[in-house]
Amino acid sequence: MKKPEFNDTFAKTRIREHKKFGGKVVEILYGAHDAEGKPVAPNETAEDGHGRWYGMECNGEYTMFSWKHSAEEGGALEYGTDYGDKAVETMEADLQKKYELVRETEDFCRGSLSSDGAEKLEDLRRQFEAMPDWKTPKDAEYQKRFEKAAAEYGPRAEAAAEAKAAKQAVLDKAEALRNSERFNDARKALKDLRDEMYDLASAGEEADNEFRKKLNDIDRELRQKQDEYYQNRDSSREAAKAKKEELIARTKELVADIKNYKQTGDKLNNLFNEWKAAGSAGHELDETLWADFNAARQKFYDARKEYFAQREAQWNQSIEAKKKLIEEAKEISAKNDFGKENTDRMKQLDVEWKAAGFSGKEQNDALWDEFQKSKEVFWDGKKAVADAKVQAVLDAKVKKLEDLKKEIEDLQYRQSLDDKPSMKEYNERQIYSKSMQVPTLEKEISELKERLGK
């Protein structure tokens, strides 16, 4: 709004600078009248019916705090804000709070970085933006200072995050040294890593302190282990020496009588794990003990290598022998000659197959399946020929039985017609003789059908 004008030549306007909000406080007294009702200059201490407009001016814009209308206007009291008579005090308190928030934000954004920095900055922003804007120069100034401080935090936080990642990578290398038993080398490497970390930019005071603490913890642990190691070195070396000598003896005993290479190999692996866990007996003695231990192990490996080489050769020899037996079985089957010579040879192939031995897990069963199929062709053919012969005998006997039964029926019929005693006796003898042959033929026929699976 513009400065109010009251068309009063006697009006008093008082303007004073107000440093807290960067503008001016404006007070206008107007509308005073004397006892006769004539306009006069207003007197603050007299009852002259004057009115009072009170507000502020910032960059040519006016804001009313209160307006006590003159008696001539009815004397009503009007406020320009929701704060009534406390508008100025409230504005000053708000600006003071904004100032304090800005200073806190500047100190925070330019100070040390913390893990919850983003959340802290967001909380400060929420508090700042919750404050009312009185549209004063100080409001604008504090807004500008707040945004400037916040803008500076982002790049610092990003740089700190990059530095934190780089320092974490250095710490990871340091952590890998924690379990090293080469204490001097590990602590020297740790010193180099510490120098490398110190050369990196800050990751924030809190993070820097935490990284420094972790490096110190690793160094302290290595130093303690080193002290303990030297204090116990002699006794631990004696224990390691005794343990390794025991392992050498157990290894020599194990490889002296190998019955199962798989089981022995597993046991040797367990012994090797015990060796690695036994610790050091001293550099020079370790080399001597290792030479003995490894020589005993090598005896097993050489024997195992020779065993598997021989087994492979035996398998290959078995495979070749069986392939030849398969080919011969196929050739005999293809001849369709089921005489005694070929039959005996096919039987002999089984003997030679068994003598050929095992051919290895991968091929043994496949070769056997192929051999069986090759033989089946011969034996199925031989069976078919034999079955045909049996069928011919069966057919002949069936025919003979049918003829015999017919002959018996004819004799029985003739006997019923012939009255001559001599002929009856003859027919009876014939019927009896032929009837005695029937059970024999029926039994033979049944046996032949059983042979043919009928």
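Few gaps surround CD on Glu89; more than 12 heavy atoms of other groups in view lie less than 6.0 Å from it. Atom OH of Tyr432 has 12 or fewer heavy atoms from other residues, nucleotides or ligands within 6.0 Å. For OH of Tyr261, the number of neighbouring non-hydrogen atoms (other residues, nucleotides, ligands) closer than 6.0 Å is greater than 12. Within 6.0 Å of atom NZ in Lys243, more than 12 heavy atoms from other residues, nucleotides or ligands are found, so the atom counts as buried in its surroundings. Around atom CZ of Arg182, no more than 12 heavy atoms belonging to other residues, nucleotides or ligands sit under 6.0 Å away. In this structure, Asp344 places its CG atom where more than 12 heavy-atom neighbours from other residues, nucleotides or ligands lie under 6.0 Å away. For Tyr413, the OH atom sits in a loose shell: 12 or fewer heavy atoms of surrounding residues, nucleotides or ligands are nearer than 6.0 Å. The number of heavy atoms from other shown groups lying within 6.0 Å of CD (Glu147) is above 12.
A salt bridge links Arg145 with Glu141; the closest basic N to acidic carboxylate O contact falls under 4.0 Å. Taking the charged nitrogens against the carboxylate oxygens, Glu245 and Lys241 do have a contact shorter than 4.0 Å, which makes a salt bridge. Ion pairing between Glu370 and Lys330 holds under the 4.0 Å rule for side-chain N and carboxylate O. Salt bridge status for Asp219 with Arg223: present, with a side-chain N to carboxylate O gap under 4.0 Å. Taking 4.0 Å as the cut-off between side-chain N and carboxylate O, Asp410 and Lys406 do not count as a salt-bridged pair. Taking 4.0 Å as the cut-off between side-chain N and carboxylate O, Glu425 and Arg429 count as a salt-bridged pair. The existence of a salt bridge linking Asp208 and Arg212 is excluded, since no basic side-chain nitrogen approaches an acidic carboxylate oxygen closer than 4.0 Å. By the 4.0 Å N-to-carboxylate-O rule, Lys405 lies too far from Glu409 to be salt-bridged with it. A salt bridge does not link Lys400 to Asp403: none of the charged side-chain nitrogens sits closer than 4.0 Å to a carboxylate oxygen. Using a cutoff of 4.0 Å between basic side-chain nitrogens and carboxylate oxygens, Lys252 and Asp292 are not scored as salt-bridged.
A donor-acceptor contact closer than 3.5 angstrom is absent between the side chains of Lys135 and Thr63. Asn316 and Glu320 form no side-chain donor-acceptor contact under 3.5 Å, judged by distance and modelled atom types alone. Between the side chains of Asp172 and Gln168, at least one donor-acceptor pair of N or O atoms lies under 3.5 Å. Checked by atom type, the side-chain pair Arg297/Asn294 shows a donor-acceptor distance below 3.5 Å. Residues Asn270 and Glu274 bring no donor and acceptor atom of their side chains to less than 3.5 Å of each other. In the model, Asp302 has a side-chain atom that pairs as donor or acceptor with a side-chain atom of Gln298 under 3.5 Å. There is no side-chain donor-acceptor pair under 3.5 Å between Gln372 and Glu376. The closest side-chain donor-acceptor pair between Gln310 and Gln314, if any, does not fall under 3.5 angstrom.
Between Arg220 and Asp217 the shortest heavy-atom distance is NH1-OD1, 2.7 Å. What you find for Ser333 and Met346 is that their closest heavy atoms are OG-CE, 4.3 Å. Closest heavy-atom contact between Ala186 and Leu222: CB-CD1, 4.0 Å. Contact between Lys98 and Pro132 at its shortest, heavy atoms only, is NZ-O, 3.2 Å. Among all heavy-atom pairs drawn from Ala240 and Ala278, the shortest one is CB-O, 3.3 Å. When all heavy atoms are compared, the tightest approach of Ala201 to Ala163 is O-CB, 3.3 Å.
In this structure, CH2 in Trp275 is found 15.0 Å from CG in Asn269, a value given to the nearest 0.5 Å. Between Leu404 atom CG and Lys397 atom NZ the span is 12.0 Å, to the nearest 0.5 Å. Note that the NZ atom of Lys225 and the OG atom of Ser180 stand 8.5 Å from one another [nearest 0.5 Å]. Taking NZ of Lys389 as the reference point, atom CG of Leu394 lies at 16.0 Å (rounded to 0.5 Å). Here CD of Glu106 is found 11.0 Å from CG of Leu101. Values are rounded to the nearest 0.5 Å. Rounding to the nearest 0.5 Å gives a distance of 14.5 Å between CZ of Phe65 and NZ of Lys86.
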Open item on the list: Checking Arg125 against Phe146 for the side chain to side chain contact (heavy atoms under 4.5 Å, CB included) test, could you report, in this order, the C-alpha distance in whole Å, the side-chain angles of both residues, the deciding distance, and whether it holds?
Closed with: CA-CA 8 Å; Arg125 180 178 291 281; Phe146 184 91; 3.8 Å; yes
Task: side chain to side chain contact (heavy atoms under 4.5 Å, CB included) between Thr251 and Phe300, worked out - done: CA-CA 9 Å; Thr251 303; Phe300 164 77; over 6 Å; no
TODO: Could you walk me through whether Glu92 and Lys19 pass salt bridge (charged side-chain N to carboxylate O under 4.0 Å, His left out), step by step?
DONE: CA-CA 10 Å; Glu92 290 175 345; Lys19 293 183 179 179; over 6 Å; no
Open item on the list: Please evaluate residues Asp195 and Lys191 with respect to the criterion salt bridge (charged side-chain N to carboxylate O under 4.0 Å, His left out), reporting the C-alpha separation (whole Å), side-chain torsions for both, the decisive distance (0.1 Å), and the verdict.
Closed with: CA-CA 6 Å; Asp195 294 339; Lys191 180 180 181 302; 3.4 Å; yes
- [ ] Start with the C-alpha gap between Asp123 and Gln127, add the side-chain angles, then the distance that decides, and say whether side chain to side chain donor-acceptor pair (under 3.5 Å) holds.
- [x] CA-CA 6 Å; Asp123 181 58; Gln127 294 182 56; 2.9 Å; yes
Open item on the list: Go through it in stages, so that I can follow the logic: the residues are Asp395 and Lys399, the test is salt bridge (charged side-chain N to carboxylate O under 4.0 Å, His left out), and I'd like the CA-CA distance, side-chain angles, deciding distance and then a yes or no.
Closed with: CA-CA 6 Å; Asp395 292 343; Lys399 177 67 167 61; over 6 Å; no
- [ ] Could you check Ile408 against Val438 for side chain to side chain contact (heavy atoms under 4.5 Å, CB included), going step by step and ending with a plain yes or no?
- [x] CA-CA 10 Å; Ile408 293 172; Val438 170; 4.0 Å; yes
Open item on the list: Let's go through Glu78 and Met64 carefully: what are the C-alpha distance in whole Å and the side-chain angles of both, what is the deciding distance for side chain to side chain contact (heavy atoms under 4.5 Å, CB included) to 0.1 Å, and is it a yes or a no?
Closed with: CA-CA 9 Å; Glu78 181 182 350; Met64 182 181 76; 3.9 Å; yes
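The one candidate from Asp380, Asp350, Asp369 that meets the salt bridge (charged side-chain N to carboxylate O under 4.0 Å, His left out) condition with Lys375 is Asp350. A side chain to side chain donor-acceptor pair (under 3.5 Å) with Asp94 is found for one member of Tyr83, Trp134, Tyr99 and no other, namely Trp134. Of the listed residues (Lys347, Lys324, Arg345), just one forms a salt bridge (charged side-chain N to carboxylate O under 4.0 Å, His left out) with Glu352, and that residue is Arg345.
Ring orientation note: the planes of Trp290 and Phe272 are tilted relative to one another, at an angle of 30° to 60°.
A distance-only check finds a donor-acceptor pair linking the side chain of Asp139 to the backbone of Thr136 [under 3.5 Å]. The backbone N or O of Asp337 lies less than 3.5 Å from a partner atom in the side chain of Asn342, making a donor-acceptor pair.
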